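Before any comments, here is the structure.
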Amino acid sequence: NAGVTQTPKFQVLKTGQSMTLQCAQDMNHNSMYWYRQDPGMGLRLIYYSASEGTTDKGEVPNGYNVSRLNKREFSLRLESAAPSQTSVYFCASSEEPQGQYFGPGTRLTVT
Amino acid sequence: RKEVEQDPGPFNVPEGATVAFNCTYSNSASQSFFWYRQDCRKEPKLLMSVYSSGNEDGRFTAQLNRASQYISLLIRDSKLSDSATYLCVVNMPGGSARQLTFGSGTQLTVLP
């Protein structure tokens, strides 16, 4: 039982490049989330998916898209990376009313 | 006013000490409350949920005060391994009930 897994662990992009962050969970949770964490800002929700086939915007969705591929997988795409998207990205999953369980994170640098 | 506010610390305490953190939240309709811990350069990990009647898990006690809109975490007999950042987490009704708002965290260092 791996919990929540994320790939890649680290990534460096040039401005304008695109990439997809992958997330998978094996806990059979319905809800999945993408957050970014910046120093002094706390975790901020980018997008979430309450169930397979649905996605909704969070607090900071601009510049991102998501796909809930199936119940296990939830990907985050940056179409045209910007330096402001340099951050640590965490995926999480949950089953209400429990708390959320996080993956190990992806450290992204955009130059 | 921030939606979830915590004292950033740092709190430096000797091993064996008792330490308490408070967290205030802005939305009186919030229903779900949690404490997470986050080690340096790691993901947040769920420490405990916070229930209306208060709850305890070993050396950790969490309490909720709805009237004053704050939650607290008490750590007794601190261990070196308790050194981490503690995040207060609250759901914010108005959006999805699944949307949680995270505080910026309180940093704890337990000293030998």
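In this text the structure is predicted, and so the values were computed from the model without any measurement. Residue numbering restarts at 1 for every chain, and letters A, B, ... go by the order of the sequence lines.
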Contact leader toward chain B among L43(A), V4(A), D56(A), where contacts are heavy-atom pairs under 4.5 Å: L43(A)
Closest non-hydrogen atom pair, G42(A) against S104(B): N-OG, 4.1 Å
Donor-acceptor pair between Q38(B) and Q37(A) side chains, under 3.5 angstrom: yes
Hydrophobic cluster identity match, M19(A) and L69(A), side-chain contacts under 4.5 Å: no
Cluster link Y47(A) to L45(A), ILVMFWY, side chain under 4.5 Å: no
Contact origin within K9(A) toward chain B - heavy atom pairs under 4.5 Å: neither
Shared hydrophobic cluster for V88(A) and L78(A) (ILVMFWY, side-chain gaps under 4.5 Å): no
Between OH on residue Y35(A) and CZ on residue F102(B), distance to nearest 0.5 Å: 4.0 Å
Option in P104(A), G105(A), A92(A) with maximal non-hydrogen atom pairs under 4.5 Å from chain B: P104(A)
Chain B contact via R107(A) - which portion, at a heavy-atom distance below 4.5 Å: side chain
Heavy-atom pair with the smallest gap, counting every atom of L100(B) and Q100(A): CD1-NE2, 3.4 Å
Linked, directly or transitively: Y33(A) and Y89(A) (ILVMFWY side chains, under 4.5 Å): no
Chain B contact via F90(A) - which portion, at a heavy-atom distance below 4.5 Å: side chain
Single-linkage hydrophobic cluster L13(A)~W34(A), side-chain heavy atoms < 4.5 angstrom: yes
